[in-house]
Engineer: 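Take a look at the following structure, please.
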Amino acid sequence: KTAAAMHRIYLESTGASSPQWEELSPFTRASNVSAADHLLTKIRILLEDDSITDVNSATCMAAYGKYMQTKDQKADFYRHLEHDRWMRFHALYNWTYNPQRDNAHRQHPSMVPFENLDNTTQKKDDYSWQLLQQLAGFLKD
């Protein structure tokens, strides 16, 4: 449910109308589920509370508030953590480094240590933390 909501948010933020969740490849759906599964870790880190067991609107909003308070001091830590999560997931599916992305051969230019990414690519990982605010609205119910 959370991964599908994250995909809807992505579509809305980019103005894209497709592909819809059901049209995504199994790998892309699994990648989104992995990102959703990591939300609890992000929330626990931000709120410094390992006893939190639920990703809901309230915890997302509280975590987003803490992110906004600390993002300038901890930006590299947050970005590094997300890149490591992303890279581990891709490595689990046998992706390797290549300067040009090649989905058919499971190759990606970002399959390098965080420190080797250019600044623009490093900053892309901010999205995974900023998403907490938008998820709070989707998870109300």
Engineer: Do Phe138 and Arg8 have side-chain heavy atoms sitting under 4.5 Å apart?
Structural biologist: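 A side-chain contact under 4.5 Å exists here.
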Engineer: A side-chain contact here means heavy atoms from C-beta on lying under 4.5 Å apart; do Arg101 and Gln107 qualify?
Structural biologist: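 No. Closest side-chain heavy atoms not under 4.5 Å.
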Engineer: To the nearest 0.5 Å, how far apart are CD in Gln134 and CE in Met6?
Structural biologist: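 The distance works out to 10.5 Å.
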Engineer: Measuring from Ile45:CD1 to Leu81:CG, what's the distance to the nearest 0.5 Å?
Structural biologist: 4.5 Å
Engineer: Below 4.5 Å, heavy atoms only, C-beta onward: do Ser110 and Trp86 meet side chain to side chain?
Structural biologist: yes
Engineer: Just to verify, what does Asn116 make a side-chain hydrogen bond (donor to acceptor under 3.5 Å, both in side chains) with, not counting sequence neighbours?
Structural biologist: none
Engineer: Measuring centre to centre across the rings, with the benzene-like ring taken for any Trp, is Tyr97 within less than 6.0 Å of His90?
Structural biologist: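 Ring-ring flag for Tyr97/His90: false, centres at least 6.0 Å apart.
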Engineer: Is it true that a side-chain atom of His7 and a backbone atom of Pro19 form a donor plus acceptor pair closer than 3.5 Å?
Structural biologist: yes
Engineer: If only atom types and distance count, is the side chain of Ser31 paired as donor or acceptor with the main-chain N or O of Phe89 below 3.5 Å?
Structural biologist: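 No: the side chain of Ser31 does not pair with the backbone of Phe89.
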Engineer: In the hydrophobic clustering that connects Ile, Leu, Val, Met, Phe, Trp and Tyr at side-chain heavy-atom distances below 4.5 Å, which members other than Trp21 occupy its cluster, ordered by chain and number?
Structural biologist: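 Its cluster mates, by chain and number, are Leu24, Val33.
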Engineer: Could you report the tightest heavy-atom contact between Lys66 and Leu46, atom names first, then the distance?
Structural biologist: CG-O, 2.9 Å
Engineer: For Pro109 and Pro99, which heavy atoms make the closest approach, and how far apart are they?
Structural biologist: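 Shortest heavy-atom separation between Pro109 and Pro99 comes out as CB-O, 3.5 Å.
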Engineer: Show your reasoning for whether side chain to side chain contact (heavy atoms under 4.5 Å, CB included) applies to Gln20 and Leu11.
Structural biologist: CA-CA 8 Å; Gln20 295 300 309; Leu11 290 178; 3.7 Å; yes
Engineer: So do Leu135 and Val55 actually touch side chain to side chain, heavy atoms under 4.5 Å?
Structural biologist: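 When only atoms from C-beta onward are counted, Leu135 and Val55 do not touch, as no gap falls below 4.5 Å.
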Engineer: Looking only at non-hydrogen atoms, find the nearest pair between Arg29 and Glu22 and report the distance.
Structural biologist: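 Answer, listing the atom of Arg29 first, then Glu22: NH1-O, 3.6 Å.
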Engineer: Once rounded to the nearest 0.5 Å, what's the spacing between atom NE2 of His83 and atom OG1 of Thr121?
Structural biologist: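 It comes to 9.5 Å.
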Engineer: For the residue pair Ile43 and Ala63, what are the closest heavy atoms and their distance?
Structural biologist: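 Smallest heavy-atom distance, with atoms named: CG1-CB, 3.9 Å.
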Engineer: Quick one: OG on Ser128 to CG on Leu39, what's the gap to the nearest 0.5 Å?
Structural biologist: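 Atom-to-atom, Ser128:OG and Leu39:CG are 8.5 Å apart.
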Engineer: Report the distance from atom OG1 of Thr2 to atom CG of Asn32, rounding to the nearest 0.5 Å.
Structural biologist: 11.5 Å
Engineer: Can a salt bridge be assigned to the pair Glu82 and Arg79 using a cut-off of 4.0 Å between side-chain N and carboxylate O?
Structural biologist: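 No, Glu82 and Arg79 are not salt-bridged.
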Engineer: Less than 3.5 Å apart, any donor N or O on the side chain of Asp37 or Ser34 sitting next to an acceptor on the other?
Structural biologist: no
Engineer: I'd like to check the salt bridge (Lys or Arg N to Asp or Glu O under 4.0 Å) partners of Asp102; sequence neighbours left out, ordered by chain and number.
Structural biologist: none
Engineer: Is Gln100 atom CD crowded by more than 12 heavy atoms from other residues, nucleotides or ligands, each under 6.0 Å away?
Structural biologist: no
Engineer: When you measure from the side chain of Gln122 to the backbone N and O of Phe114, does any donor-acceptor pair fall under 3.5 Å?
Structural biologist: yes
Engineer: Tell me whether the count of non-hydrogen atoms from other residues, nucleotides or ligands lying under 6.0 Å of CZ in Phe27 goes above 12.
Structural biologist: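 Result for CZ/Phe27: enclosed.
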Engineer: Name the residue from Thr70, Asp126, Asp125 that meets the side chain to side chain donor-acceptor pair (under 3.5 Å) definition with Tyr78.
Structural biologist: Thr70
Engineer: Can you list the steps and then say if Asn94 with His105 is a side chain to side chain contact (heavy atoms under 4.5 Å, CB included)?
Structural biologist: CA-CA 9 Å; Asn94 299 311; His105 292 101; over 6 Å; no
Engineer: Could you tell me if the side chain of Thr59 sits less than 4.5 Å from the side chain of Asp54, heavy atoms only?
Structural biologist: no
Engineer: To the nearest 0.5 Å, tell me how far Glu115 CD sits from Asp76 CG.
Structural biologist: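 The distance works out to 9.0 Å.
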